[in-house]
Every structure is written in structure tokens, then in C-alpha cells.
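Along the sequence shown, the residues carry numbers beginning at 1.
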Amino acid sequence: MEWLTAPFEVTFVQRALWGGILVSAICAPAGAWVVLRGMAFLGDAMSHGLLPGVALAALLGGNLMVGAVVSAAVMTAGVTALGRAPRLSQDTGIGLLFVGMLSLGVIIVSRSQSFAVDLTGFLFGDVLAVRQQDLVVLAAASLAALVVSVLGHRAFLALAFDERKAHTLGLRPRLAHAVLLGLLGLAIVASFHIVGTLLVLGLLIAPPAAALPWTRSVRGVMALAALLGATATFGGLLLSWHLSTAAGATVAALAVSLFFLSHVLSGLRNRPARHAPVPVPEVN
């Protein structure tokens, strides 16, 4: 039992646990829509698109969070604008923004004397360095994500399954799409300094994808995703402590492992139904 509780008697590990739980709560609503709409590439592009703002803020000695917010706003506006271009597919526009923002970020970071350190921190984060004020920011972000998800649920649902019907119902699908991008940006901005941009997708995509086979409603996916994300955080920090591995990477790896475990168990659960004998009608 001591093996299970000893790491969480340390203050910075407790803060890391709460930080990971709050990140899971933020990522679950946005991640559910990302998975349902097949927007994983967009999530990847937006997470890497934060680099120019973060790099510029680091170079000028400013607040990294403010820089990330500016970059997220630019990415959101860019994806929304390019999505309206008649002869340009959404994936093409996202790909161009992805490469452009990432290239600009690397150019800015290369001007810094601490290039490797800054880039490593941006990519992989440091979940064990969560401060008390970070928890306050994460709590506020999780509350904002919950409010946006509740208020926009009907519009997001219509947008996910039938954009034309959403327009017919007067739900303004373009505005809903922009707000959904903002929700995704909020999750990434609030989380990147905890687990890094390369690993934030682990908590953004893996828990909702793992929850998908076990619930029939979008709200159920969100709730189960938050629980699975919290489980990955607890288990990842525990393994990291005893195995001396990188905490953020271990959390993300465990989240992805839960996804594969979920789908294996789901396949085993559904196997009898698939191989059940076909009933033969009686002949009178």
C-alpha cells in the first residue's frame, strides 16, 4: 500500500496530480468533439501552432501563456478563414497553417541562446513543476470549457452529424465551428505547459477515443474521458515515480495504452454477438 501512496505524499506530486486531473477535465469536452468529427490532425496542428507565440514570449521575456493565447487565436482565425475558401480543402488549409506556424516558431526560437532548452520544454512540458497559480488557471479554464460545452452542445451536436441541418435549424454552423475551434484552443493552451504540445494530444484524443465504445451519448463520452484521463494521470505519475521516467510522457503513454486496452476489451465483448448462430426459421 505504501508503494501506491508514497509518491502522493510529496507536495509537488500532489500538485501534478491535481494539474493532470484538471487538464483531463478541460480536454474531455474538446477531445470528444475532436474524435467524433475526425479532427485529430487539426488538434495536432493547433498544438504545434502555439510555437511562434510561445517562442516570441520567451525571447522577449514575456508570459508564455499570453504568447500561446495569441498563437491559438491566430490559428483559430486562420482555420476558420481558410475553411471558407471554395477551392481549398480544409485539410490543405490546416496543413499549410501547421507548417507555416511551426516554421515561424523554429525561426524565432533559433534566435534565442537557449534554443534546445526552450524547445524541449515546449514539446514535453513539466508536469512536476505545476505551481499553485497554475492550478487556479486550470480550474478557471475547466470551468470555461464546461460552460462553453453546455451552452454550445446542441449546435456542436448538429454540426458534428449534419452541417446542413444545423444551418436549417438556425444554429449558425460557421459560428459553432469557430467556437469549437476556440474550445480546442483553450484545452491546448491550458494544457501545453503541463504535458507539452507533443503530449497534450495524448490527453486530448486518447481518453475520448477509449470512452467511445462504452457509452451511447456525447455527454457520456466526455464524462468517461475525464475519468480515464484522471486515471492515466494517477497511474502515470505513480509509474514515473517508481521507474524514474519522464512524468508527462508516462501519463500520455498510459492514456494511449488505455485506448488500446479499451478497444481490445470492446472487441472481446462484441465477439459473441458477431459469431452468434443465425436462427433458422421453423418449418410448419
Side-chain angles (χ1 to χ4, degrees), residues 7-35 43 46-47 50 54 63-66 68-69 72 121-122 124-153 180 182-211 219-241 246-256 258-259:
F8 302 100
E9 294 175 357
V10 181
T11 303
F12 68 84
V13 180
Q14 292 175 4
R15 287 199 297 264
L17 176 61
W18 281 110
I21 291 173
L22 289 171
V23 166
S24 299
I26 298 168
C27 288
W33 296 115
V34 166
V35 170
M46 288 196 68
S47 64
L50 300 185
V54 173
N63 189 299
L64 300 186
M65 184 70 76
V66 173
V69 169
F122 173 77
F124 299 106
D126 190 358
V127 69
L128 296 178
V130 176
R131 301 165 299 176
Q132 194 67 37
Q133 52 265 43
D134 293 329
L135 295 179
V136 175
V137 172
L138 288 172
S142 63
L143 179 61
L146 178 62
V147 171
V148 172
S149 298
V150 170
L151 294 180
H153 182 79
L180 186 56
L183 180 62
L184 177 59
L186 172 66
I188 293 172
V189 168
S191 308
F192 86 94
H193 67 296
I194 305 298
V195 293
T197 57
L198 281 180
L199 303 175
V200 68
L201 288 177
L203 290 178
L204 186 68
I205 296 176
R219 290 189 178 94
V221 171
M222 293 177 182
L224 185 54
L227 179 60
L228 289 172
T231 301
T233 299
F234 179 85
L237 290 173
L238 184 65
L239 291 173
S240 171
W241 178 273
T250 307
V251 170
L254 187 56
V256 174
L258 288 176
F259 159 74

Do Val13 and Leu17 come within less than 4.5 Å of each other through their side chains, counting heavy atoms only? no
Please report the shortest heavy-atom distance between Ala25 and Pro29, naming the atom on each side. O-CD, 3.0 Å
Any side-chain heavy-atom pair from Leu128 and Leu237 closer than 4.5 angstrom? yes
In short, Leu138 meets Ala190 closest at the heavy-atom pair CD2-O, 3.1 Å
So do the side chains of Cys27 and Pro207 get within less than 4.5 Å of each other, counting heavy atoms only? no
In short, Val221 meets Ala32 closest at the heavy-atom pair CG1-CB, 4.0 Å
Side chain to side chain contact (heavy atoms under 4.5 Å, CB included) with Ala209: which residues, sequence neighbours excluded? Val35, Phe259
So side chain to side chain donor-acceptor pair (under 3.5 Å) across residues 128-151, not counting sequence neighbours, yields Arg131-Asp134
Spacing of Ile21 atom CD1 and Ile26 atom CD1 [to the nearest 0.5 Å]: 12.0 Å
Please give me the minimum heavy-atom distance between Ala247 and Val127, naming the atom from each residue. CB-CG1, 3.2 Å
Distance (rounded to the nearest 0.5 Å) between Leu135 CG and Trp18 CH2: 9.5 Å
Heavy-atom nearest pair, Ala28 first then Met222, reads CB-O, 3.4 Å
Measure the spacing between CG of Leu22 and CG of Leu143 and express it to the nearest 0.5 Å. 11.0 Å
Where Phe8 and Gln14 come nearest, the two heavy atoms and their spacing: O-NE2, 2.8 Å
Contact between Leu204 and Leu184 at the side-chain level, heavy atoms closer than 4.5 Å - yes or no? yes
Donor-acceptor pairs under 3.5 angstrom involving side-chain atoms of residues 228-235: please list them, not counting sequence neighbours.
from: Thr231; atom 1: OG1; to: Leu227; atom 2: O; distance (Å): 2.9
from: Thr233; atom 1: OG1; to: Gly229; atom 2: O; distance (Å): 2.9

